[in-house]
Number of protein chains: 2
Amino acid sequence: MKTYSISELAAEFGITPRAIRFYEDEELIKPTRQGQSRIYSPRDRVRLALILRGKRVGFSLIEIKEMLDLYDINDGQVTQLAVTVRKFSERISLLERQRADIEHALEELRTARARIEVLLSEKDPHHKAEEPHGRLIGFSVNSGVHD
Amino acid sequence: MKTYSISELAAEFGITPRAIRFYEDEELIKPTRQGQSRIYSPRDRVRLALILRGKRVGFSLIEIKEMLDLYDINDGQVTQLAVTVRKFSERISLLERQRADIEHALEELRTARARIEVLLSEKDPHHKAEEPHGRLIGFSVNSGVHD
DNA sequence: ATGTGATTTGACGTTTACGTCAACGGAAGT
DNA sequence: ACTTCCGTTGACGTAAACGTCAAATCACAT
């Protein structure tokens, strides 16, 4: 079974060894050792990928640990199932809202960019999207208040 | 034109006055004053909403400030348009990836929850999604490694 | 005049997620 | 044996985004 060194994984995921050790301190991964050096299994690598994705969607390391622990419990342990379901549900609706927020933001950014590009091509029909300087005229700020 | 006090807005948005003052320190909002007290306009309120949404989608306060400034520039100022377009584009692709990550996470959470609920209803057909305790069996962790 | 409540300005504390040395330890090439 | 690389363990530093007092002010009701 293939293994990885800490710097291998760090390079692959674009993070520092320090970060990976930190995740270990926080008990998100427990690589084996060969002497004093850490040895990472493919499973550790997957966990690392999950950790990073968790981070990208806004989870804290503690939350990510909880979720990874939930995955681990699969090996036949007892847990508070209903509580788990509730947590998952909460998490899901949080994510759904987050996704909605992102879609709003994307929409605004896209229209803003579009208007800017119109301005650019008006001033300079040969523009290749890389010239500097210009004048910005106006995309309003009115939406955004929910609830 | 209606105005708001700091605690009014704090209550409405579920944050503390301290947070709002902090945003002012960081120059994301500039309410007027009545004596020593801060007075918030509807426009300030909208900015606050935008700030909070920005936060939810993962922007830092500095980034949010930059974007709000860009919106403000609409009043006829000069800026580096092409740079702006580039920044917007970068931001857009970041958000798109984030959205994809969220959709992955949502998928996993939903299927995990579904399996748990199946287990729950097997053990207890009368379950109303609030009972405690149980046994969890297994949803695998294999996807998630992109690039 | 005095108490009550909201607000303000410091100023220091806190949490999260690492960054940044420093000093040391094996392994491997020459 | 010596240097050159990783890699390891502390230990301290840091940036972001507020939290948490404390002390003072001000508007108002009693």
Which residues pass the side-chain hydrogen bond (donor to acceptor under 3.5 Å, both in side chains) test with Ser7(B), not counting sequence neighbours? Ser5(B)

May I ask you to verify if any side-chain N or O of Arg38(B) is less than 4.0 angstrom from the OP1 or OP2 atom of dT8(C)? yes

Should Ser7(B) be listed as having a side-chain N or O under 4.0 Å from OP1 or OP2 of dT7(C)? yes

Those residues at least two apart in sequence (or on a different chain) that pass side-chain hydrogen bond (donor to acceptor under 3.5 Å, both in side chains) with Arg110(A) are Glu96(B)

Shortest non-hydrogen contact from Val57(A) to Leu95(A)? O-CD2, 4.1 Å

Quick one, Glu108(A) and Arg53(B) - any side-chain contact, counting heavy atoms below 4.5 Å? yes

Rounded interatomic separation in angstrom, taking CD from Gln34(B) and P from dA6(C): 17 Å

Between P of dG5(C) and CD of Glu8(B), the distance in whole Å: 18 Å

List in chain and number order the residues that pass side-chain hydrogen bond (donor to acceptor under 3.5 Å, both in side chains) with Gln36(A), two or more places apart in sequence or in another chain; answer none if no residue qualifies. none

How close or far is atom P of dA17(C) from atom CG of Leu52(A), stated in whole angstroms? 12 Å

Kindly indicate whether the side chain of Thr16(B), heavy atoms from C-beta on, has any atom under 4.5 Å from the side chain of Phe22(B). no

Separation of dG10(C) P from Arg18(B) CZ (nearest whole Å): 12 Å

Strictly under 3.5 Å: I want the nitrogen or oxygen pairs between protein and nucleotides 22-26 of chain C, one per line.
none

Within this structure, what is the CZ-to-C1' distance between Arg21(A) and dG19(C), rounded to whole angstrom? 12 Å

Would a 4.5 Å heavy-atom cut-off, applied to side chains only, mark Arg45(A) and Glu12(A) as touching? yes

Output all residues satisfying side chain to side chain contact (heavy atoms under 4.5 Å, CB included) with Ser41(B), sequence neighbours left out; order by chain, then residue number. Arg43(B), Asp44(B)

Reading DNA chain D 5' to 3', which nucleotide is the first, and which the last, to come under 4.0 Å of any heavy atom in chain A? dC6(D) to dT9(D)

Using side-chain hydrogen bond (donor to acceptor under 3.5 Å, both in side chains) as the criterion, list what pairs up with Ser93(A), not counting sequence neighbours. none

Set of residues satisfying side chain to side chain contact (heavy atoms under 4.5 Å, CB included) with respect to Glu103(A), sequence neighbours excluded: Arg99(A), Arg99(B)

Report, one pair per line, the protein and nucleotides 14-16 of chain C atoms (nitrogen or oxygen only) whose separation is under 3.5 Å.
none

Which residues satisfy the side chain to side chain contact (heavy atoms under 4.5 Å, CB included) test with Glu27(A), sequence neighbours excluded? Lys30(A), Lys65(A)

Within residues 23-31 of chain A, find the residues that approach DNA chain D with a heavy atom at under 4.0 Å, and present them sorted by residue number. none

Residue set satisfying side chain to side chain contact (heavy atoms under 4.5 Å, CB included) with Leu94(B), at least two apart, ordered chain then number -> Arg91(B)

Tell me, do Tyr40(A) and Ile20(A) make a side-chain contact under 4.5 Å, heavy atoms counted? yes

